[in-house]
Amino acid sequence: MTVITRFPPSPTGFMHIGNARTALFNYLYARAKGGKFVIRIEDTDRARHSEEAVEVIFNALEWMGLDYDNTPQSQYENRARHAEIAHALLAAGKAYKCYCSPEELEKMREQSKSEGRAVAYNNYWRDRDESEAPKGVQPVIRIKSPLEGESIVDDVVQGKVRVDNKQLDDFIILRSDGVPTYMLAVVVDDHDMDVTHVIRGDDHLNNTFRQNVIYDAMGWKKPIYAHCPLIHGADGSKFSKRHGSVSIEDYKNMGFLPEALNNYLLRLGWGHKDEEIIPMERALEIFDIKGISKAASKFDFKKLESLNAHYLNAADNDRLVDLISPFLKEKHNIIISEEGLTRLQAGMDGIKERAKTLIDLAAESRIYLVDAPFPYDEGAQKHLTPAAKTILKEILTELKALNDFNHEDIEHKCRNIAQIKADGKLGNVMMPFRAALAGTDKSPALFEAAEIIGKPEVIKRLEHAIAYIGTSASH
RNA sequence: GUCCCGUUCGUCUAGGGGUCUAGGACACCGCCCUUUCACGGCGGCAACACGGGUUCAAAUCCCGUACGGGACGCCA
């Protein structure tokens with residue numbers, strides 16, 4: 001049997017992190033088993049549908065690197081097929097027309113709730129003759145659910161889950177305007193697409209019992225179900241917008257790498273022994289539904305960050321240059337020049353191991369991209385004191401004298417200055433030097449950085465820092 | 001309210017009757033390294049929700065309680 005999994009997002013305008021994880025699990029399972037991974041857009045709700053919202057989904061999938069096998073289907077396009085099944089069920093006496101108005105249904109809901117009953121609809125039209133139908137009312141079609149006994153869903157993650165059939169109502173499969181409901185559409189589409197495994201959030205577990213009513217009525221083979229626990233926010237409830245960033249786009253914009261997010265999502269609610277760093281290639285080898293845990297998990301930003309730091313460090317330098325360009329432009333108004341690019345490539349190893357996100361990386365890379373004069377931030381200003389001015393002048397003189405501008409000689413000079421002019425404390429030399437070169441008090445290893453920046457520009461930056469202290473010393 | 005599901009360090013998890021004085025990772029706290037921050041190295045803190053069973057033996061199996069979550073739409 002060829003495994004076929006599917007990802008059926010509804011176009012909400014963003015890719016929720018929980019949906020992304022579901023997509024990941026489906027993708028991995030299909031690929032790990034040599035099967036197929038297919039996409040279906042659940043767009044039967046026309047009021048909410050928009051092309052842009054669909055785009056967002058595909059962009060997210062592409063960014064995550066989840067490729068799929070079929071031409072993505074539109075559920076809405078299949079509505080004629082869904083309606084056909086609804087009418088077949090009607091003709092077979094397994095479904096019936098219901099003429100109740102929304103107001104009547106609302107009343108029933110209130111009443112059943114007050115009586116402590118599970119099911120809202122009271123099966124009013126289940127055995128009623130159509131001759132009693134009110135004039136001018138377009139009916140919905142409801143399916144007949146079993147009245148007695150119990151139903152069982154044998155779930156790969158949840159185990160055997162049973163429910164009393166009294167909990168199941170005669171739910172609507174075709175709306176009064178002839179548009180199929182989600183419940184009908186998923187079943188028909190999953191069947192038509194030969195889906196073998198349904199891996200989804202456990203907020204669908206209860207729906208499964210209803211969907212199975214349709215499978216049974218049609219005599220269709222049911223797929224294997226795997227209901228994964230949801231991702232929660234820090235407060236323990238379903239991860240939603242009020243918890244902060246929930247969409248894939250948000251994480252991309254915060255400077256996370258797709259491989260880091262994938263690894264994090266994979267480990268959230270799934271585990272394999274002690275393994276933490278699990279790139280996709282590895283995931284393909286070891287992923288199995290059996291590793292999915294039954295309990296919901298909370299999203300931990302710090303852990304994501306640490307994973308991101310790992311993948312950032314492992315990433316190719318040219319790729320990183322490309323990835324930080326948009327951040328440099330947006331946040332620092334920097335366009336990488338040819339000279340800057342050369343320096344950045346030389347210095348990338350030194351900064352990527354320090355960064356947690358692409359935003360960090362972009363900020364750190366500025367030391368290689370800016371030309372003096374540039375402003376000094378608060379941290380830099382603390383070190384650009386009158387006392388530091390003497391030191392900087394000394395550095396300037398010594399470095400100017402260097403013919404071969406390499407980091408060993410630069411270090412040698414700085415250590416000398418520390419001995420003679422700064423009570424032997426290298427920090428007293430380095431911090432002003434750092435402020436002068438970086439414009440801030442944080443930077444990669446300075447001797448190497450200075451070598452990469454090159455003598456002319458280092459001299460220029462030192463001169464500007466000295467001039468800056470001259471003008472700001474009075475206040 | 002009704003039904004369903006869950007509960008191992010702060011967080012993600014390993015564990016599937018004895019090898020558990022419960023392992024790893026992130027976070028946190030020390031120390032070392034050191035030119036800031038970070039990285040790295042070493043060490044530390046810290047959990048089987050509770051109560052009953054079953055068993056020679058339970059984190060692991062069963063029941064109950066508590067707490068948490070989810071579902072109850074002509075949304076998906």
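Residue numbering restarts at 1 for every chain, and letters A, B, ... go by the order of the sequence lines.
Taking only side-chain nitrogens and oxygens, A:R109 comes nearer than 4.0 Å to OP1 or OP2 of B:rG73. For B:rU13, the OP1/OP2 oxygens have a side-chain nitrogen or oxygen of A:S293 closer than 4.0 Å. Taking 4.0 angstrom as the limit, A:K238 places a side-chain polar atom (N or O) nearer than this to OP1 or OP2 of B:rA71. Phosphate proximity of B:rU11 to A:K298: present, with a side-chain N or O under 4.0 Å from OP1 or OP2. Within the structure, every side-chain polar atom (N or O) of A:S114 is placed at least 4.0 Å from both OP1 and OP2 of B:rG1.
You won't find any donor-acceptor pair under 3.5 Å spanning the side chain of A:T181 and the base of B:rC74, going by distance alone. Scanning atom types as modelled, one donor and one acceptor separated by under 3.5 angstrom connect the side chain of A:R434 and the base of B:rU36. No N or O donor and acceptor, one from the side chain of A:D274 and one from the base of B:rA25, sit under 3.5 Å apart. Judged by distance alone with a 3.5 Å cut-off, no donor-acceptor contact links the side chain of A:R354 to the base of B:rC39.
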Between the protein and nucleotides 26-31 of chain B, list the N/O to N/O atom pairs that are separated by less than 3.5 angstrom.
from: B:rC26; atom 1: O2'; to: A:K303; atom 2: N; distance (Å): 3.3

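For A:H272 and B:rG24, the NE2 to P distance is 18 Å, given to the nearest whole Å. Nucleotide B:rG69 holds its P atom 15 Å from the CG atom of A:D203, rounded to whole Å.
The heavy-atom pair separating A:G18 from A:I231 by the smallest distance is CA-CD1, 3.9 Å.
Ionic pairing of A:K166 and A:E150 is not present here: no N-O contact between side-chain nitrogen and carboxylate oxygen is shorter than 4.0 angstrom. Remark: A:K421 engages A:E394 in a salt bridge, criterion side-chain N to carboxylate O under 4.0 Å.
Note on A:R40: nothing from the nucleic acid sits closer than 4.0 angstrom, heavy atoms only. In this structure, A:V161 reaches the sugar-phosphate backbone alone: every heavy-atom distance under 4.0 Å involves primed, P, OP1 or OP2 atoms, never a base. Among the atoms of the strands shown, none is found under 4.0 Å from any heavy atom of A:G379. Among the heavy atoms of the strands lying under 4.0 Å from A:L230 are primed sugar atoms or P, OP1, OP2 only; no base atom is included. Across all strands, A:H232 comes closer than 4.0 Å only to sugar-phosphate atoms, never to a base (heavy-atom distances). As judged by a 4.0 angstrom heavy-atom cut-off over every strand, A:Q167 is placed among residues touching the sugar-phosphate backbone only.
Pair assignment for B:rA49: B:rU65, on the basis of Watson-Crick or G-U wobble contacts that are both within less than 3.5 Å. When both distances must be under 3.5 Å, the Watson-Crick or G-U wobble mate of B:rC9 does not exist. If you check B:rU35 for Watson-Crick or wobble pairing at under 3.5 angstrom, you find it has no partner at all. Across all strands shown, B:rC28 forms a Watson-Crick or G-U wobble pair with B:rG44, both key distances being under 3.5 Å. With a 3.5 Å ceiling on both atom-pair distances, the Watson-Crick or G-U wobble partner of B:rG1 is B:rC72.
Between A:Y182 and A:R21, the residue anchored nearer the 5' end of RNA chain B, judged by the nucleotide with its closest heavy atom, is A:R21.
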